[in-house]
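Input: a single structure, listed below in structure tokens.
Letters go in sequence order (proteins before strands), and every chain restarts at 1.
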Amino acid sequence: MSRRALVNVLLVLAVVALFAIPLLLDGGASEYGGTDAAVTEDLEAGGYTPWFESVFSPAGEVESGLFALQAAIGGGVLGYVLGRLRGRRLAQEKAAPGSPAP
Amino acid sequence: MHIAEGFLPAAHAVGWTVAAAPFVVHGARAVVREVRENPESTLLLGAAGAFTFVLSAIKLPSITGSSSHPTGTGAGAILFRPPVMALLGTVVLLFQALLLAHGGLTTLGANAFAFAVVGPWVGYGAYRLVRALGGGLLPGVFAGMVLADLATYVTTSLQLALAFPDASSGLAGAAAKFLGIFAITQIPLAIGEGVLGVLLFRVLTVNARPELERLGVLRPAPATTAGGAA
């Protein structure tokens, strides 16, 4: 494994650790409620009533599915672009083997 | 950072929509111009939009026992300058408002102002500052991503404080309350986003060098021709 690839793997592990360690330390004690929802609860407790409803409110399971869809579209496009760029570089290196990328 | 549908008083909703609209229109023009003048940018533009799309879909747990979204708007702001993100960020918010009941149409202006205008500009400013002080690309990207994220949530807190000042402690008290809900939770998320941004740019510097040089993110490499001053 090249040094560049190793550093990339370590960066991925660092991100995973950043979010996994609080989860592990916590041991399932917290609800992990969203901060957005915390604000609406606070405002409603203060007597505020929203004056407009969402035009479309998916049920819980459908909502998580749609969030997953959003992530999948983003991840898919990102992967497609990065894959194309990498393929382009490899093709260029094959065509002109004299100038390897740094 | 999504202020929920109907949760801003009408005057504030209209005000933020009016404030955000010119940025979004200007951003739409910037995107069209970029694609027309540099069709080869389309791929990277797609990557920048996709990056925000993924990151803002994911709710991540934080040390505070609550969870929140990263924003991912810093990457596109660094690559294509902030106006482009005003459009791309608003598209993301619109998707979430219409399909996910997350955020809303009445609060779209305020959310766009925080997520698609202030965040990208602050992130871009931080990136430029690091580069101007002699920092490398990756430290600049890290600072830009982290601050774009944090600035978005600070803006949301201030917007809420402006709409709901505390009865006794006023604007400052309300700002402290909303920052208390958002800001600390957001710090590890912002750092994680910074690391992901560094990863993205490490991959791009290898595979999209010509684009990054054209966009001015990387200086043209003196590589094989021995003449360029390093």
Cut-off 4.5 Å, heavy atoms of chain A, and the answer for B:Ala10 is both

Next on the checklist: Quick check: do A:Val39 and B:Ile3 have side-chain heavy atoms less than 4.5 Å from each other?
Outcome noted: no

Against chain A, residues from residues 178-196 of chain B with at least one heavy atom under 4.5 Å, in numeric order, are B:Phe178, B:Ile181, B:Phe182, B:Thr185, B:Pro188, B:Leu189, B:Ile191, B:Gly192, B:Val195, B:Leu196

Turns out that what part of A:Leu18 lies under 4.5 Å from chain B's heavy atoms comes down to side chain

When the 4.5 angstrom heavy-atom criterion is applied to B:Phe164 and chain A, the contacting part is side chain

Requested in this report: Consider only side-chain N and O atoms of A:Arg89 and B:Asn207, and report whether a donor and an acceptor are under 3.5 Å apart.
Outcome: yes

Subject >> Main-chain N/O of B:Arg202 paired with A:Arg4 side-chain donor or acceptor, under 3.5 Å >> reply: yes

Correct closest heavy-atom pair for B:Phe7 and A:Leu43 would be CD2-CD1, 3.7 Å

Residue set satisfying side chain to side chain contact (heavy atoms under 4.5 Å, CB included) with B:Pro210, at least two apart, ordered chain then number -> A:Arg88

Which atom pairs, one a donor and one an acceptor, fall under 3.5 Å between side chains of residues 64-76 of chain A and the rest of the protein, sequence neighbours left out?
residue	atom	partner	partner atom	Å
A:Ser64	OG	A:Gly60	O	3.2
A:Ser64	OG	A:Glu61	O	3.0
A:Gln70	OE1	B:Gln96	NE2	3.0
A:Gln70	NE2	B:Phe53	O	2.9
A:Gln70	NE2	B:Ser56	OG	3.3

Using the side-chain contact (heavy atoms from CB on, under 4.5 Å) rule, take B:Leu44 and A:Leu85 through it: C-alpha gap first, then chi angles, then the decisive distance, then the call. CA-CA 9 Å; B:Leu44 268 191; A:Leu85 290 172; 4.1 Å; yes

Cut-off 4.5 Å, heavy atoms of chain A, and the answer for B:Leu105 is side chain

Within residues 138-145 of chain B, contacts to chain A at heavy-atom distances under 4.5 Å involve none

